[in-house]
Amino acid sequence: MYAFELSMNSRWTIISPQDDRVGRATAAIAAAGADWALFTTPESVMRVAGVEPPLEIALPLFAGGPTTVLLSAHGARALVLTAREGRGADLADIDVVELYPGSSTTPFIDQTTGYVEAVQRALRRLRASGSLAIESRHIPHHTLWAAEPHFARVLAVDAEWEDACAEKTPTEIELLERAAEVVWAGQQAARRIAKPGMTELELFAEARAAMELAGGQRVPVTADLVTGVRCTAKGGALPTPRALRDGQPILIDLAARVRGYWGDSCDSFNIGEPSEPWLRLRRAAASGLQEGLNILRAGRRASDVDAEVRATVGACGGSYAHHTGHGIGARHHEEPRLIPHNPSRLRTGMVVTLEPGAYHEHTGGVRLECMAVVGPDGGRVLGPTPEGVAAN
């Protein structure tokens with residue numbers, strides 16, 4: 001799933017007007033006998049910085065750490081967040097805003113390091129010193145590394161744990177396959193129901209309802225749903241009240257968590273008769289997705305898979321600026337990221353999405369996505385595949 005900055009699921013939203021929650025927070029700092037405080041839970045950041053957390057996702061996509069507020073007992077505030085979250089946001093009333101790259105295709109970026117360095121810059125810019133209060137039950141260890149460099153010893157198990165979770169167990173693969181089927185039920189509903197005059201929001205509501213009925217439960221959902229010229233955004237955005245029109249292309253990317261594991265899919269289709277230029281874009285994206293499934297084998301570098309899929313799409317006259325895919329599991333985005341410069345090698349049992357696209361500023365855009373298990377000889381698809389792509 002690739003959600004752009006317009007997606008409320010991947011960014012914080014400014015809420016206005018700000019009430020006296022800052023005053024309440026500074027009073028709490030004083031009552032604790034501290035000079036400064038670091039707030040890292042979504043609820044506290046909302047209260048202190050006046051920003052609302054992303055819908056249904058506690059940690060913004062691609063972030064190296066939680067959106068963080070540094071607050072002095074006198075009310076000085078610093079906000080640390082990814083450049084994607086902060087893009088276009090009016091943060092003028094925050095004294096210090098430190099942004100870091102949370103996602104990039106080139107070069108490969110250590111997101112955690114970017115977050116830690118941004119927290120350290122905020123501390124320096126506000127000349128923070130004295131005593132520090134923290135939300136001790138929730139503050140991540142790397143936030144402590146950034147805020148308090150004088151600990152004698154701090155150990156982290158993050159890298160080892162993430163690596164261990166990358167290869168899924170048979171039970172996890174079953175759960176992921178079930179989630180893949182649920183999100184595809186949303187895709188089928190969208191194709192079946194879409195008609196001129198319906199709005200993007202109405203179409204999304206029908207797709208979401210279909211997923212929840214298929215899953216037999218309420219499910220957290222993140223989605224891109226764009227139509228017409230909005231498909232040329234090379235990624236997507238949230239649905240709007242924009243009405244669908246005959247002959248328009250539709251790009252719909254649905255991700256939902258079912259029983260703790262995420263499914264993710266994307267399809268692109270037309271209302272009515274598609275144009276030949278748009279069909280060429282779809283064939284390019286389908287060729288890239290098919291190639292990705294063919295080469296998704298253990299031992300391959302993530303960057304090599306990315307390069308070969310892009311080359312296939314390019315040979316068919318298409319191109320895309322976003323990633324080629326990503327790992328998926330109990331989190332919507334996991335390692336490995338299929339992007340340029342990522343040297344990670346694929347291993348048997350990893351589950352990834354593949355989502356190449358092809359876009360043209362006048363014709364529209366196409367993105368096709370499915371989930372697959374990495375195997376010794378290629379990828380085994382989990383759930384259905386978009387039309388024109390064969391399951392291996």
Side-chain angles (χ1 to χ4, degrees), residues 5 10-12 14 22 25-26 28-30 32-51 53-54 58-87 89-104 106-162 333 335 337 341:
E5 67 271 13
S10 64
R11 63 168 290 188
W12 291 66
I14 305 304
V22 172
T26 56
I29 295 171
D35 303 299
W36 296 83
L38 271 177
F39 296 99
T40 52
T41 64
E43 298 83 3
S44 296
V45 171
M46 179 178 67
R47 293 184 179 108
V48 177
V51 291
L59 185 66
L61 298 181
F62 315 124
T67 301
T68 298
V69 172
L70 173 67
L71 179 68
S72 79
H74 301 292
R77 291 179 296 170
L79 183 63
V80 177
L81 67 169
T82 67
R84 179 179 301 279
E85 294 171 82
R87 190 177 302 153
D90 182 6
L91 302 172
D93 65 333
I94 305 293
D95 301 289
V96 169
V97 176
E98 283 291 348
L99 306 177
Y100 65 97
S103 173
S104 178
T106 180
F108 181 60
I109 287 174
D110 181 343
Q111 297 159 353
T112 299
T113 298
Y115 168 75
V116 168
E117 291 175 348
V119 171
Q120 291 171 338
R121 290 195 302 271
L123 290 163
R124 289 195 297 269
R125 289 179 64 185
L126 283 183
R127 299 181 181 179
S129 63
S131 56
L132 178 69
I134 63 171
E135 297 179 283
S136 61
R137 291 178 296 174
H138 304 283
I139 192 166
H141 67 273
H142 48 290
T143 307
L144 284 174
W145 288 346
E148 178 49 80
H150 304 296
F151 285 110
R153 186 171 174 81
V154 178
L155 297 176
V157 73
D158 297 74
E160 294 85 353
W161 177 235
E162 183 172 52
H333 278 248
E335 288 296 330
R337 296 278 311 285
H341 308 285

Roughly how far, to the nearest 0.5 Å, is the [atom2] atom of [Y] from the [atom1] atom of [X]?
| X | Y | atom1 | atom2 | value |
| --- | --- | --- | --- | --- |
| Leu132 | Ile139 | CG | CD1 | 7.0 Å |
| Phe39 | Ile134 | CZ | CD1 | 11.0 Å |
| Thr112 | Glu162 | OG1 | CD | 8.0 Å |
| His74 | Leu126 | NE2 | CG | 12.5 Å |
| Leu71 | Ile29 | CG | CD1 | 4.0 Å |

Side-chain donor/acceptor of Glu135 to backbone N/O of Thr40, under 3.5 Å: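 Yes; judged by distance alone, with no hydrogens or angles, the pair exists.
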
Main-chain N/O of Asp35 paired to Ser131 side chain as donor or acceptor, under 3.5 Å: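 Yes, Ser131 side chain to Asp35 backbone: donor-acceptor pair under 3.5 Å.
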
Nearest atoms (heavy-atom pairs only) where Ala73 meets Ala34: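 What the structure gives for the nearest pair is CB-O, 4.2 Å.
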
Nearest heavy-atom neighbours spanning Val48 and Ala25: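 Result for this residue pair: CG2-CB, 4.0 Å.
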
State, yes or no, whether a side-chain contact exists between [X] and [Y] at a heavy-atom distance under 4.5 Å.
| X | Y | answer |
| --- | --- | --- |
| Tyr100 | Val116 | no |
| Trp36 | Leu123 | no |
| Val96 | Leu79 | no |

Candidate list Val80, Val45, Thr41, test side chain to side chain contact (heavy atoms under 4.5 Å, CB included), partner Thr68, passing option: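 For Thr68, the side chain to side chain contact (heavy atoms under 4.5 Å, CB included) check succeeds only for Val80.
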
Thr143 versus Tyr115, side-chain donor and acceptor atoms under 3.5 Å: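 Indeed, the side chains of Tyr115 and Thr143 share at least one donor-acceptor pair under 3.5 Å.
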
Results of side chain to side chain donor-acceptor pair (under 3.5 Å) for Asp95 - residues two or more places apart only: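 Side chain to side chain donor-acceptor pair (under 3.5 Å) check on Asp95 returns nothing, list empty.
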
